[in-house]
Structure formats: C-alpha cells, structure tokens
Amino acid sequence: MAASGLGLSTSFLPGHDTLLRRRRPVAGSASASFRPVTAELGGAATELGRQLVEAVGVGLPCTVMSCGDVIYRSTLPHNDGLTITAPGVALALATVSYFWATPGVAPGFFDMFVLAFAERLFRPTFRKDDIVLGKKLGEGAFGVVYKASLANPEAAEKQGAVVVKKATEYGAVEIWMNERVRRACASSCADFLYGFREKKAKGKGADEYWLIWRFEGEDTLFDLMQSKEFPYNVETKILGDVQNLPKGIARENKIIQTVMRQLLFALDGLHSTGIVHRDIKPQNIIFSEGSKTFKIIDLGAAADLRVGINYIPNEFLLDPRYAAPEQYIMSTQTPSAPSVPVATTLSPVLWQAFPSLRTDSNLIQFNRQLKRCDYDLEAWRNLVEPRASAELRRGFDILDLDNGIGWELLTSMVRFKARRRTSAKAALAHPYFIREGLLGLSVMQNLSLQLFRATQKDYSEAARWVIGLMARSGTESVGGFTEAQLQELREIKPKKSSAQRNALASLLRVQRKIVRTINESMNELAADQRKSIWWSRWIPREE
Ligand SMILES: Nc1ncnc2c1ncn2[C@@H]1O[C@H](COP(=O)(O)OP(=O)(O)OP(=O)(O)O)[C@@H](O)[C@H]1O
C-alpha cells in the first residue's frame with residue numbers, strides 16, 4: 001500500500017536498516033520527504049520528488065498514514081495500548097480456566113485470605129468455660145463427642161443444644177474442613193459453630209481441639225435404617241406427609257429417591273468446593289430436624305484438594321466396610337487430586353435398597369462376593385439372584401422399576417475404576433430422580449440419558465480388542481488381522497510430532513517436575529514437623 005500510494009515499486013523502498021543508516025546525512029531535508037507527492041505535481045517536480053525519495057530512502061505516503069516522523073524511529077507514534085493477539089488471548093483463557101477449574105485455586109485463595117479473616121471478625125466465639133458437657137454421643141479413634149449446652153442460660157436458650165467433639169491433634173484438620181464447608185456449602189454438613197485449640201500446661205498432655213456444632217437431631221441414617229419400619233420411618237420426616245400410596249415398592253422407591261437426592265446434593269456441594277469426604281456411610285449422615293434434610297457429619301477423614309490437606313492417612317484406614325476398593329490413602333499433604341472424587345463409595349442406594357446389607361456381617365460378605373466378581377455388580381447379581389432371599393429380591397425389584405433405571409444408576413456408581421464411577425453431580429442429573437419415571441421423560445431428558453449412557457461406556461474394551469488381536473496376530477487360532485482391519489489400522493497414522501506437540505510435552509515435563517518437587521518438600525515438611533501443621537495457624541487458640 002505504501003508503494004502504490006507513491007506510484008513506486010517496492011524495490012524503491014529500502015530496508016529498515018538502510019533507512020536508519022541513511023537518515024543522518026540528509027537530516028536537514030527530512031521534512032521534504034514528507035511532503036505529499038501527488039499526481040498534480042509536474043514531471044520535474046515528480047523527478048525531484050523521486051530523487052528525494054531515493055536520497056532519504058523513504059516512500060511512505062504520510063498523507064494517508066499516520067506515520068509521524070518515519071525518519072526517526074523514536075518519534076513514531078507509540079503503541080501505548082495493549083496489543084491483543086490470538087495466542088495471548090488463548091494463554092489468558094487457559095490461565096483463567098486453570099485457576100477457576102474444580103477444585104478452584106483462585107476461589108480457594110480468596111476464601112483462605114479474605115473470607116476466612118472477614119468471617120472471624122463477626123462470628124461468635126466460644127471458650128471451654130462457656131460450655132457444659134452432657135451425655136456422650138460417640139467415641140472415635142481421635143476424639144470423644146458429647147451433647148452439650150451453653151453455660152449462659154440466655155445464650156443456651158437462643159442457641160439450643162450443641163455437639164462438642166474433643167479431639168486429639170488431628171482435630172485441627174477437622175476444624176479446617178468444617179470452616180471451609182461453612183463458607184462454601186453450609187447446607188451440606190452439620191452446622192459448625194466454632195473450633196479452637198485448648199493449650200494444655202506443660203506435662204498435662206498434648207493440646208486438645210474443641211469443635212462445636214449445632215445439635216442437628218437424634219438420628220443418623222444408620223439409626224433410621226436399623227428400624228424395621230425403614231424407609232417408612234423417614235417418610236414423614238423428609239416428605240412432611242404420608243404419601244397417598246399403598247405400602248409397597250413404588251412408595252419405598254419414592255422415599256429412597258428423596259433420601260438419595262438429598263445425599264447426593266450434599267455430596268456434590270462438598271465436591272464442588274474441592275473437598276472429598278472419603279468416609280461416606282450411614283453413620284456419618286445425620287437427619288437435621290431443623291432443615292428436614294439429611295446432612296453429612298464427621299469430616300475428620302476428608303481431603304481438601306484446593307490446598308492439598310489430608311488426614312494423617314498412614315495411621316488411619318477408611319472404614320473398610322464402606323470404602324471403595326482402592327481405599328484412598330494419600331500422603332499427608334497431596335497437591336494432586338484423586339481422579340474422580342469418591343462420589344459414591346459403596347453406593348448409598350445399596351444400603352437402602354437391600355436391607356440385608358445393613359448388618360456388618362452381611363456387608364462384609366457382600367464385599368467378599370463383589371471382590372470375587374471383580375467388582376462387577378452385574379456379575380454379582382448373576383451370582384446371587386438365582387438363590388436370593390425375599391429381602392434381596394425386593395431390593396432388585398425396587399431397582400428394576402421404570403425399566404431398571406435405579407439399577408442402571410447403581411451400576412454406574414459402584415465400579416472398580418474410580419475414573420469410571422459416576423460423580424455426585426452426574427448422578428443427580430440421572431433420570432432416576434425424575435418423578436414420573438422413564439416414561440415421563442421429555443425429549444431433552446431423554447437426550448441427557450443417552451449422553452449419560454454414552455459417557456458410561458467402557459471404551460477400554462475397544463482398546464483391549466485391538467491389543468488382543470495384535471498380540472495374537474499371525475497365530476493359527478486367530479490368524480491375525482484381516483486385510484480390511486490392517487488397512488484400517490494403516491490409515492490411522494500416528495500424528496507427526498510438531499513444534500506445538502514438543503512444546504506441550506516439555507510443558508508437561510516441567511509441570512510434573514514442579515509437582516514432584518512440591519510433593520517431596522511437602523513430605524519432608526510433614527516428616528520433620530508433623531505436629532506443627534502449617535494450617536493450624538488459622539485455628540484460634542484458647543490460652
Ligand atoms: N451436629 C450433630 N448433631 C447431632 N448429633 C451429632 C452431630 N455431630 C455428631 N453427632 C453424633 O455424634 C456421633 C459421633 O460423631 P462423629 O462421627 O463426628 O464422631 P467420631 O469421633 O468420628 O465418631 P465415630 O468414630 O464413632 O464416627 C454421631 O454418630 C452422631 O450421632
């Protein structure tokens with residue numbers, strides 16, 4: 001465009017270097033070079049102009065371009081604004097999505113450094129002397145739980161009963177988790193009021209952590225399931241009224257659906273904020289009389305994937321009756337997340353649909369059978385169904401309602417590979433929870449069911465088929481690939497390594513190295529200073 005504006009060929013225009021080299025000797029005539037050169041100029045003038053142009057080496061049409069003093073590069077208009085380029089935008093988007101993706105590094109920092117401190121300024125605090133301990137509710141390996149009340153009668157009246165857990169050093173983690181939950185998804189778990197460290201005098205043993213919750217109610221899901229009346233004994237609790245239906249599997253199914261929905265909702269709330277409970281079982285689900293919903297308790301074994309805080313797992317095994325086969329045992333500090341959160345460890349549908357699984361001995365037997373069937377629930381069903389007890393039969397009947405939609409959800413939750421287990425969020429979107437059942441599904445709901453089914457497929461089967469054929473290729477029994485199969489494989493050529501792929505590979509290598517280094521230093525830190533856990537500085541002390 002520059003050349004055409006002057007009617008010059010581009011060969012007249014010197015390179016940038018030449019331009020800069022030539023500028024000094026003709027500095028005095030610099031302004032001439034900027035005079036408009038137009039068609040109105042006569043031939044002599046044009047010739048003069050051409051010479052001038054050649055002399056100074058500038059042919060830019062300064063009338064049509066805002067080029068300023070092109071002779072002196074320093075006087076060119078400065079580009080003060082932000083230059084937006086496609087790679088820049090892509091990088092920015094990648095960075096933003098990395099920091100906001102679950103578990104959410106950016107919201108995590110905001111939560112830890114802003115919300116946590118702001119909240120501390122306003123919430124009520126408690127001391128040991130403010131509390132009168134009552135009856136013991138439970139005793140775990142790392143603490144004792146009491147029902148309690150506040151010593152001040154006025155405050156006690158306002159607050160109602162509370163629950164206090166006096167825990168060992170590991171109580172610090174539980175306080176952390178409860179505070180995180182209270183800020184991020186309060187309705188998922190029992191209402192946490194306050195937690196502090198009680199410093200013991202020298203020689204009086206280790207410090208104790210006190211955790212205080214609102215007393216949610218008398219019954220855990222486990223207690224309710226022990227009753228012969230289950231699930232009818234929760235019907236009025238959660239649905240408010242008795243359903244206008246005869247007693248039977250359809251009515252039971254509705255109650256179980258509601259319990260499951262509440263549970264998955266609570267679990268999804270935890271997962272969305274980066275917390276994996278890791279010990280979901282009926283004993284850790286309490287019925288809240290206040291909100292008329294089931295809530296999760298006991299975050300002592302939970303892992304916070306945002307900041308990499310775990311329980312002290314080497315000294316603690318998750319409840320083997322309910323844990324997934326891999327029984328997540330992570331190092332004390334683990335910056336990397338487990339594949340899919342243990343959303344539905346030993347799916348709660350199982351406990352509810354099959355009353356026989358409510359006793360420890362039957363649960364242990366079920367685990368053994370499932371292991372024998374390679375954790376394949378279909379295989380387990382084939383094994384037990386022919387000689388199933390009436391109770392077990394009833395469980396299958398409930399799950400087979402609506403063309404087996406419940407069974408389908410259940411099999412997607414109980415899988416050996418954690419990666420293939422349905423997450424709490426996906427389970428919540430499953431048509432099992434749609435009241436009218438499968439027949440009442442809208443087009444969109446049907447589409448989402450198809451999508452769900454497609455994502456549940458085991459594509460590793462296809463890979464195994466190819467590998468199997470390749471391994472046996474040329475053997476007499478299999479005879480190797482057919483010509484057509486070979487042709488197909490030939491056509492799937494490996495992608496050539498490109499500059500981008502190499503860059504990505506080195507980026508991944510660097511990332512792995514960083515993670516490894518962090519892991520190593522965290523492990524060292526944990527080994528050296530087991531007792532002085534860095535996050536404990538967030539926990540108030542009662543001196
Ligand atoms: N907020 C609450 N409201 C009412 N009851 C509660 C609450 N929190 C805990 N409980 C009761 O206290 C019992 C023990 O609580 P929790 O499971 O947190 O303690 P734990 O030390 O881990 O005990 P365990 O090892 O027996 O599970 C629960 O089974 C439940 O009955």
Side-chain angles (χ1 to χ4, degrees), residues 124 126 131-150 156 159-182 185-195 198 206 208-227 233-234 237-238 262-263 266-267 269-270 275-303 310-313 315-323 327 345-346 348 351 358 360 363:
F126 298 93
I131 293 159
V132 183
L133 296 179
K135 80 166 180 190
K136 201 194 262 187
L137 294 175
E139 183 162 5
F142 306 114
V144 186
V145 182
Y146 302 90
K147 188 170 177 179
S149 58
L150 299 182
Q159 182 60 63
V162 295
V163 169
V164 173
K165 186 184 267 189
K166 288 210 283 174
T168 60
E169 59 181 302
Y170 303 137
V173 184
E174 208 175 336
I175 293 180
W176 170 280
M177 299 292 169
N178 274 283
E179 296 211 331
R180 281 269 280 105
V181 166
R182 186 178 49 185
C185 52
S187 62
S188 289
C189 295
D191 194 1
F192 184 66
L193 298 175
Y194 194 65
E198 191 215 352
E208 258 183 355
Y209 288 88
W210 285 53
L211 294 91
I212 308 163
W213 293 267
R214 190 186 308 281
F215 180 80
E216 297 281 359
E218 295 289 345
D219 302 312
T220 63
L221 181 58
F222 180 77
D223 301 327
L224 293 164
M225 282 165 63
Q226 292 307 300
S227 158
N233 58 346
V234 288
K237 280 180 180 285
I238 53 173
Q262 291 185 356
L263 251 175
L267 209 47
L270 281 188
I275 291 177
V276 188
H277 186 281
R278 307 198 299 166
D279 199 15
I280 290 291
K281 55 183 181 181
Q283 291 86 338
N284 284 341
I285 294 157
I286 190 110
F287 183 76
S288 167
E289 300 287 350
S291 65
K292 302 272 173 235
T293 56
F294 284 96
K295 290 184 173 183
I296 295 168
I297 56 170
D298 198 359
L299 294 166
N310 270 160
Y311 200 67
I312 314 292
E315 299 166 38
F316 179 79
L317 280 173
L318 306 180
D319 193 326
R321 292 168 303 172
Y322 300 93
Q327 296 187 2
T345 315
L346 186 57
W351 328 316
R358 291 169 208 164
D360 275 357
L363 203 47

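Start at 1 and go down the list; that is how both ligands and their atoms are numbered.
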Between Val164 and Ile212, what is the shortest heavy-atom contact and its length? CG2-CG1, 4.3 Å
Note: Lys295-Asp191 ion pair, threshold 4.0 Å (strictly below): no
Lys166/Glu198 ion pair, N-O < 4.0 Å: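 No, Lys166 and Glu198 are not salt-bridged.
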Return the residue, atom name and 0.1 Å-rounded distance of the protein heavy atom closest to [atom].
atom: atom 1 (N) of ligand 1; value: Arg214 O, 3.1 Å
atom: atom 18 (O) of ligand 1; value: Lys165 NZ, 3.2 Å
atom: atom 11 (C) of ligand 1; value: Leu137 CD1, 3.9 Å
atom: atom 15 (O) of ligand 1; value: Val145 CG2, 3.7 Å
atom: atom 26 (O) of ligand 1; value: Glu139 O, 3.9 Å
atom: atom 2 (C) of ligand 1; value: Val163 CG2, 3.6 Å
atom: atom 5 (N) of ligand 1; value: Ile286 CD1, 3.4 Å
atom: atom 9 (C) of ligand 1; value: Ile297 CD1, 3.8 Å

Return a yes/no value for Asp298: is any of its N or O atoms, backbone included, closer than 3.5 angstrom to an N or O of ligand 1? yes
Nitrogen or oxygen of Thr220 less than 3.5 angstrom from that of ligand 1: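 Checking ligand 1 against Thr220, no N or O pair falls under 3.5 Å apart.
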Do Ile285 and Phe222 make a side-chain contact, defined as non-hydrogen atoms from C-beta onward lying under 4.5 Å apart?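 No, their side chains stay 4.5 Å or more apart.
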Side-chain heavy atoms of Lys165 within contact of Trp210, under 4.5 Å: no
Looking at [X] and [Y], would you say the former's side chain and the latter's main chain have a donor-acceptor pair under 3.5 Å?
X: His277; Y: Ile296; result: no
X: Ser188; Y: Ala266; result: yes
X: Asn178; Y: Glu174; result: yes
X: Asn284; Y: Asp279; result: yes

Heavy atoms only: which of Glu216, Glu218, Gln283 is nearest to atom 29 (O) of ligand 1?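 When every heavy atom of Glu216, Glu218, Gln283 is considered, Gln283 comes closest to atom 29 (O) of ligand 1.
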With a 4.0 Å heavy-atom cut-off (strictly under), which part of Trp213 contacts ligand 1: side chain, backbone, both or neither?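 For Trp213, only side-chain atoms sit under 4.0 Å from ligand 1.
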Say whether Gly300 and ligand 1 are in contact under the criterion: heavy-atom distance to a ligand atom below 4.0 Å. no
Sub-4.0 Å heavy-atom contact, Lys295 with ligand 1: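 For ligand 1, residue contact (heavy atoms, under 4.0 Å) with Lys295 is absent.
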State the CG-CZ distance between Leu224 and Phe294, to the nearest 0.5 angstrom.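 So the gap between those two atoms works out to 5.0 Å.
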Can you tell me how far apart CZ (Arg182) and CE (Met177) are? Round to the nearest 0.5 Å.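 So the CZ of Arg182 and the CE of Met177 are separated by 15.0 Å.
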Looking at [X], which atoms of ligand 1 are within less than 4.0 Å of one of its heavy atoms?
X: Asn284; result: 17 (O)
X: Gly217; result: 4 (C), 5 (N)
X: Ala190; result: 1 (N)

